[in-house]
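The shown structure was predicted, so the numbers you read here are calculated from the model rather than taken from an experiment.
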Amino acid sequence: MKQAIPFALDRDRSFFESMDDWIGDVLYDELTEKGFDLRDEQVFMAFQIGQALKEKSVLFAEAGVGTGKTIAYLLPAVAYARYTGKPAIIACADEALIDQLVKETGDIGKLEQALGLTVDVRLAKSREQYLCLKRLDEAGKGNETAKWIDGELPDYVHGHSSMMKLEPYGDRSSFPDVSDDDWSLVNYHPLWQCSSCDLRNRCGQTLHRAHYREAADLIICSQDFYMEHLWTKESRIRQEQLPLLPEPSVLVFDEGHLLEYAAQKAFTYRVQERTLDTVLSRIMVDGVREKTLVLMERLIDCHAALFLALHEHAEGEGERRKIGRTAQIEADAAQAVRLAVDILEELVFDADLYVIPDYDLKIAEEYLEQYIHSMKLFTEGGEAVDWLENENGDETLVIMPRLVTDMLGELLFTGKLPVIFSSATMSVGGNFSYLADSLGIHDFKSFSVESPFDYEEVMQIRMEEPADKAAEILRSMENGGQTLVLFRSKASMEAFRRQTAGDPRFLFEGDRALTALVRDFQDGKAQALCSWHLWEGLDIPGEALTRVAIHDMPYPPDDPLFEAKRRFAGDPYVDIDLPYMLLRLRQGIGRLIRTSDDHGEILLLTDEKDSRAKEDIQRVLPVRPATV
């Protein structure tokens, strides 16, 4: 239902002039009367966003912590959504940031209460955040957690109540105590054919999608999901399916400096080690012709040999490992393509025999088509970048057709949609070119305003180069206080976990849903929260967080994707590694002081390899470190 514009329109003034007047009245008068702080930086940001809406431009809005960035973009976004009749899409860095935005005490709730507004806001989560009933049924045959989840579902899921009572259900946040590993057994998987599924009318993801499509004001999603929407939009339209998201009036990327990494994740083709065997085994049933069965067995053997070679020749220890190509790898990949093509041709004849269940046949046909396309990209090389990574224990060959700079320029930054990037850190020394270049943006506007906080009064920074980083962090915790420990990578965090030997004071990312870990940490159930993802988006004010320990300087990973970027750079260290690290470091430090009442300590732990960057590090610190 279309909502009324929250101010009167005057035929002698444009919508944008009237909106500026309304925003000024709200920020200068209405909110201050309700106890909100008046911040000139916030007012300036809101007006700049209004101008970007008018011009349909790309805007980098860099505003320091405490500026009130969320309210600054929410006011014009809601007004513009109601003016255009299309919802604004707010794409957040991760699910934790979404949770903070929409919780009862978040900025949307505060605005509603202060202004007497009812904002129609709905969540559109990434597809892996939802249960898959098919996978849940299969996992439940041997997994106690899956059985428990099944027992927690509403009665109508199993057809025990009226269809009229269907409501959205089954998202990840509904099961906060389920581990990431167990969730990966029952959540959405791209292999499963949603369009052909006999349970789709009762599927929680289907119900959620229908619900958020009706949003009048705001749709809030993750950046990962918005990038997946862009990546699949054209193919879904060709298949006469609706895109994952509706057309927005304006697009806001909260923590917008992270968009490149969401695009890197989405704009890829992925071939898993185990999936091919799983898919083909489902259609190797009685009645299938021998010729087809022989081809499938040959493809399974060829695929297994390929992944064995990929694993043996993978280089590096990060999440993305470089593939050392050999003649055998090239031959196996080419042979896999030929066999997959032959199988698709033979399945045409087997389909006429009606011995393969239709649902399983469609899964196999679609998977083989994507398998052929992906493997051709891998064998042909060209502009594609590829690497090997592990997804929930399954080796995965990942192929990115081109660097995201090219694809984003074609799919998103076309000049037809206003796009707002909001973050406390997007520039290096006031220069936005690093971020703009990494996203393929050539025409943009930008501004930067400082935080209103007096960091000299509320923050201390210690910069140390200890022989034992774990021991130094443990010593710092002896004085009490809640500590967030940030790591460059999961491997670094796991090494720290082994050093702390099961210390019950620590929570570790990945053990449970991240939102549940954050909640327990904020409630004081543990003294330290360890993470390699929470460099941004975490908002824990007050005594619940009084120390941020930076275990590693957050340089980019040594993986094939960053190697590809370095190849195109004049000076890889200056152009790629250093600005990436400094931006991420500023974000991590920004977790400490979230309100005017906050205080605490930043502990920076460096290595000998960081000596080249120490002067640059000191230049971006809010206060001078006590020791160097």
Side-chain angles (χ1 to χ4, degrees), residues 257 261 315-322 425 428-429 434 459-479 483-501 503 506 508-510 528-536 538 547-563 565-566 569 571-592 600-628:
H257 65 288
Y261 314 112
E315 304 169 6
E317 298 180 352
E319 294 180 3
R320 300 168 178 156
R321 286 165 286 150
K322 181 180 179 181
T425 53
V428 179
Y434 172 75
M459 178 187 289
Q460 294 180 335
I461 296 180
R462 283 198 299 124
M463 193 170 177
E464 306 283 357
E465 189 175 321
D468 186 335
K469 291 184 177 182
E472 184 62 33
I473 290 174
L474 290 170
R475 275 195 295 272
S476 71
M477 291 172 56
E478 291 175 359
N479 297 326
T483 301
L484 171 67
V485 189
L486 295 173
F487 300 86
R488 179 193 177 205
S489 65
K490 180 179 181 180
S492 177
M493 187 192 77
E494 292 300 330
F496 176 83
R497 185 204 292 260
R498 291 190 292 271
Q499 287 181 275
T500 55
D503 190 323
F506 290 90
F508 289 89
E509 178 181 349
L529 173 61
C530 299
S531 172
W532 74 96
H533 276 137
L534 292 176
W535 292 84
E536 57 283 304
L538 185 69
R547 182 182 299 105
V548 174
I550 309 291
H551 186 275
D552 319 286
M553 293 302 105
Y555 286 99
D558 297 319
D559 64 27
L561 195 49
F562 273 95
E563 283 187 17
K565 295 183 66 171
R566 293 179 183 110
D571 185 329
Y573 175 78
V574 172
D575 297 340
I576 305 296
D577 295 353
L578 184 62
Y580 174 99
M581 183 272 285
L582 294 176
L583 283 174
R584 200 154 175 81
L585 177 62
R586 289 178 61 200
Q587 281 288 333
I589 291 171
R591 298 314 94 211
L592 183 63
E601 174 190 55
I602 300 291
L603 177 61
L604 297 180
L605 302 181
T606 64
D607 299 314
E608 184 178 347
K609 66 177 182 293
D610 299 318
S611 57
R612 181 181 179 184
K614 280 192 175 180
E615 290 186 7
D616 295 292
I617 291 172
Q618 291 184 64
R619 277 196 290 269
V620 303
L621 298 180
V623 300
R624 183 175 177 78
T627 56
V628 179

_For Q499 against D468, the heavy-atom pair lying closest together_ = NE2-OD1, 3.5 Å
*Does some side-chain heavy atom of D577 sit less than 4.5 Å from a side-chain heavy atom of R566?*
yes
_Ignoring hydrogens, what is the shortest heavy-atom contact between V623 and M459? Give both atom names and the distance._
CG2-O, 3.8 Å
*Which residues satisfy the ring-ring contact (aromatic ring centres under 6.0 Å, His included) test with H533, sequence neighbours excluded?*
none
_Evaluation steps, side chain to side chain contact (heavy atoms under 4.5 Å, CB included), between L534 and L529_ = CA-CA 10 Å; L534 292 176; L529 173 61; 3.8 Å; yes
_Could you go through H551 and R488, starting from their C-alpha distance and side-chain angles, then the distance that decides it, and tell me whether this counts as side chain to side chain contact (heavy atoms under 4.5 Å, CB included)?_
CA-CA 8 Å; H551 186 275; R488 179 193 177 205; over 6 Å; no
_For R497, all residues meeting side-chain hydrogen bond (donor to acceptor under 3.5 Å, both in side chains), sequence neighbours excluded_ = E494, D511
_Passing candidate, ring-ring contact (aromatic ring centres under 6.0 Å, His included) with Y580, options Y434, Y573, Y261_ = Y261
*What are the two closest heavy atoms between K609 and D607, and how far apart are they?*
NZ-OD2, 2.5 Å
*Beyond-backbone contact of T500 with I473, side-chain heavy atoms, under 4.5 angstrom*: no
*Please tell me if the side chains of L474 and D503 come closer than 4.5 Å, counting only heavy atoms from C-beta onward.*
yes
_Test log, rule side chain to side chain contact (heavy atoms under 4.5 Å, CB included), inputs I617 and L582_ = CA-CA 7 Å; I617 291 172; L582 294 176; 4.3 Å; yes
*Does R462 offer a backbone N or O that forms a donor-acceptor pair with the side chain of E601 under 3.5 Å?*
no
*Can you find a pair of side-chain heavy atoms, one from L621 and one from L604, that are under 4.5 Å apart?*
yes
*Could you tell me whether E465 atom CD has more than 12 heavy atoms of other residues or ligands within 6.0 Å of it?*
yes
*Does I589 reach the side chain of P622, with side-chain heavy atoms less than 4.5 Å apart?*
yes
*Under 3.5 Å, side chain of W535 to main-chain N/O of F487, donor-acceptor pair present?*
yes
*Which atoms form the tightest heavy-atom contact between Y555 and M581, and what is the distance?*
OH-CE, 3.6 Å
*Specify the closest pair of heavy atoms between P560 and R320, including all atoms of both residues, with the distance to one decimal.*
CD-O, 3.5 Å
_Identified side chain to side chain contact (heavy atoms under 4.5 Å, CB included) counterpart of I550 within the set T606, L484, I461, L585_ = L585
_Aromatic plane relationship, F496 with F508 - under 30° parallel, 30 to 60° tilted, over 60° perpendicular_ = tilted
*Do side-chain atoms of R591 reach the backbone of L538 as a donor and acceptor pair under 3.5 angstrom?*
yes
*Is the closest basic N to carboxylate O distance between R475 and E464 below 4.0 Å?*
no
